[in-house]
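Every chain is numbered from 1 and lettered A, B, ... according to where its sequence line falls, protein lines coming before strand lines. Source: prediction; values computed, not measured.
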There are 2 protein chains.
Amino acid sequence: MTDINFSGMAAKPDSQGDDHAPAAGGRDLRWDIIELLFFAYRDFVGDADQELEAFGFGRAHHRVIHFVTRYPGLKVADLLDVLRITKQSLGRVLKQLLDEGYIVQKTGNNDRRQRLLYATPKGEALVAKLAGLQTDRINRAVAGIDPAGVETVRQFLRAMIDRDDPDKVLEAIFGGGRKTRE
Amino acid sequence: MTDINFSGMAAKPDSQGDDHAPAAGGRDLRWDIIELLFFAYRDFVGDADQELEAFGFGRAHHRVIHFVTRYPGLKVADLLDVLRITKQSLGRVLKQLLDEGYIVQKTGNNDRRQRLLYATPKGEALVAKLAGLQTDRINRAVAGIDPAGVETVRQFLRAMIDRDDPDKVLEAIFGGGRKTRE
DNA sequence: CAAGATACGTCAATATGACTGACATAAATT
DNA sequence: AATTTATGTCAGTCATATTGACGTATCTTG
C-alpha cells in the first residue's frame, strides 16, 4: 500500500498552528478559506456534472438553462453579462438547448430585436433535478447550523460578490428591494 | 439607452417572497445559496485570473502552483487526486511551471520513483500575490461578521465538501478526523 | 427620412484545458 | 524473476472559451 503518512508534506512555516493567523514576515493570508472555497465549489458543481453527462450536456449548458429557468424572459445580452462569456461561446450552447427543446425564444414586445429566453417544461425539469442535487448538499451542510448562522453564511457569500457594474440577475438578487417589481 | 427595468423578468411563481421557502408543488430548493455560490466563486477566481494573464498562465497553473506551495513535497499522484484531472492534463501545465522555474522536483528519499514537488521562491511569490488578492476579498466579506460568524462560515464550507475518499490535502485540512484509518 | 447605434446571429481561426488509450521506463514489491 | 507502482509521453479528440469580421433586422436620433 502507499504510505499513509505525508512524506515531507507539512504546513508552511509561516502558517503554523492557526491557519488564518498573521504570518511571521508577510501578511495575513486566508489560506484556510481560500482552500475551503476551492474544495466546496469543486464538489458542489461535481453533483451536477454526473447528471449532465446523461443528457450529453456540460457545465456551460447547466449555467445557461439554470438562469433562463430562474429568470424567465432573460435577454441574450443579459445572459452574456451573467456568464461573462462572449456571444460566440454562448451561441453554440444556446443553439443546442433551443434545438433540443429545453429553451424557447420569444421576440420582445417593446423591442423586436430582442430574443427573450424561456425554459420549456423539459428545461425546467432538468434544472429542478440538478438544483435538487445541489440543495441536498446544502441541506446537509447547514444541518448543524442555526437559522441565524445560515443567514451569516448568506451574508458572507453576498459580500464576496462584486457590486460594481452588476448584471441584471445580480440586480434582481440584491434587489433595490424589488425582486420582481412592486 | 436600453430599458432599465426587467422586461418580463420575474421570480418564478413557486419562489415568491422568501427565496428558500418551500415550493408550492415541488420541494424546497435552495435557489438563493446555489446562485450566491455561483457568483461568489465567479468573482473569487476572477481576482486571480487578471494577474495570471500577465504571467501567461491560466487557472490550471494557479491550482497547481498553489497546492505545491502550500503542501511542499506533494507527489504528482497526490496532485492528481486533489485537482481531479488526468496526468496527461497535469503534464503540460506542470512542465511549464518546471521549465519556467516556479516548481522544482526532488526524487523521493524512501521511494526513488516519486518526484516530490516544491515551489521555488519565484513560485511562492506568485502564489502569495494571488492569495493576497483573494484574501482582500475575503477580508472585505467578513468585515461585518464577528469571529463566531466567521467560524460558522468555515463550518458551512467544510460541510459542503465530500468526505468519502478524501485526498491527502483534504486529510491535512480536516486533520485528525480523517475517514481512512486511525 | 437618412444615418447611426443596438441586438443578435454566424463564419473562421485559434487557445486552453480537459479527455481516452497506448506505451515506456525506472524502481519497488512480491 | 515477475509484477506492480509512479511517472512521463505520444497521439488524437472534445468542450469551452477566445478575437475579429461581417450581415441583418430594428430601434433611435439628427
Discussion item. Using 0.5 Å steps for rounding, measure from the OG1 atom of B:Thr107 to the CG atom of B:Leu116.
Written reply: 8.0 Å
Worksheet item: What is the distance, rounded to the nearest whole Å, between atom CG of B:Leu79 and atom C1' of C:dA18?
Response: 15 Å
Fill in: Residues that A:Ala141 engages under side chain to side chain contact (heavy atoms under 4.5 Å, CB included), provided they are two or more places apart
B:Phe156, B:Ala159, B:Met160
Discussion item. Looking at B:Asp43 and B:Arg140, is there a salt bridge between them, counting it only when a charged N and a carboxylate O are closer than 4.0 Å?
Written reply: no
Discussion item. Listing request: all ring pair (Phe, Tyr, Trp, His ring centres under 6.0 Å) pairs with a residue in residues 124-148 of chain A, at least two apart in sequence or in separate chains.
Written reply: none
Worksheet item: Has B:Arg112 got a side-chain N or O lying under 4.0 Å from the OP1 or OP2 atom of C:dA27?
Response: yes
Worksheet, complete the sentence: Rounded to whole Å, CG of A:Asp111 lies from C1' of D:dT24 at a distance of 14 Å
Fill in: Heavy-atom donor-acceptor pair, B:Arg113 side-chain to D:dT5 base, under 3.5 Å
yes
Fill in: ring pair (Phe, Tyr, Trp, His ring centres under 6.0 Å) contacts touching residues 90-115 of chain B (sequence neighbours left out)
B:Phe57-B:Tyr102
Worksheet item: Nearest-Å distance, CG (B:Leu80) to P (C:dG17)?
Response: 16 Å
Discussion item. Check the orientation of A:Phe44 and A:Tyr41. Use parallel for under 30°, tilted for 30 to 60°, and perpendicular for over 60°.
Written reply: tilted
Worksheet item: When rounded to the nearest 0.5 angstrom, what is the spacing between CG in B:Leu157 and CD in A:Glu35?
Response: 12.5 Å
Worksheet item: Are any of the side-chain nitrogens in B:Glu151 or B:Arg154 under 4.0 Å away from the carboxylate oxygens of its partner?
Response: yes
Discussion item. Expressed as a whole number of angstroms, how long is the span from B:Lys95:NZ to C:dG17:P?
Written reply: 16 Å
Discussion item. In this structure, how many angstroms lie between the P atom of C:dT16 and the CG atom of B:Leu97, rounded?
Written reply: 14 Å
Just list the side-chain donor-acceptor pairs under 3.5 Å for residues 45-53 of chain B, sequence neighbours left out, or say none.
| from | atom 1 | to | atom 2 | distance (Å) |
| --- | --- | --- | --- | --- |
| B:Asp47 | OD1 | B:Arg137 | NH2 | 2.8 |
| B:Asp47 | OD2 | B:Arg137 | NE | 2.7 |
| B:Asp47 | OD2 | B:Arg137 | NH2 | 3.4 |
| B:Asp49 | OD1 | B:Arg59 | NE | 3.1 |
| B:Asp49 | OD2 | B:Arg59 | NE | 3.0 |
| B:Asp49 | OD2 | B:Arg59 | NH2 | 2.7 |

Worksheet item: Looking at the side chain of A:Val76, which of C:dG9, D:dA25, D:dA6 is the nearest nucleotide?
Response: C:dG9
Practice prompt. Would you kindly give the CG-to-C1' distance between A:Leu74 and C:dC8, to the nearest whole Å?
Written response: 15 Å
Worksheet entry | Nearest-angstrom distance from the residue atom CD of A:Glu53 to P of C:dT20 | 9 Å
Worksheet item: How would nucleotides 13-20 of chain D be written as a contact map, 5' to 3', with B for base contact, S for sugar-phosphate-only contact and - for no contact, using protein heavy atoms under 4.0 Å?
Response: ---BBBBB
Worksheet item: Closest to the A:Gln105 side chain: D:dC27, D:dT7, C:dG9?
Response: C:dG9
Fill in: Whole-Å gap separating P (C:dG17) and NE2 (B:His62)
13 Å
Worksheet item: Near DNA chain D, which residues from residues 36-48 of chain B have a heavy atom under 4.0 Å away?
Response: none
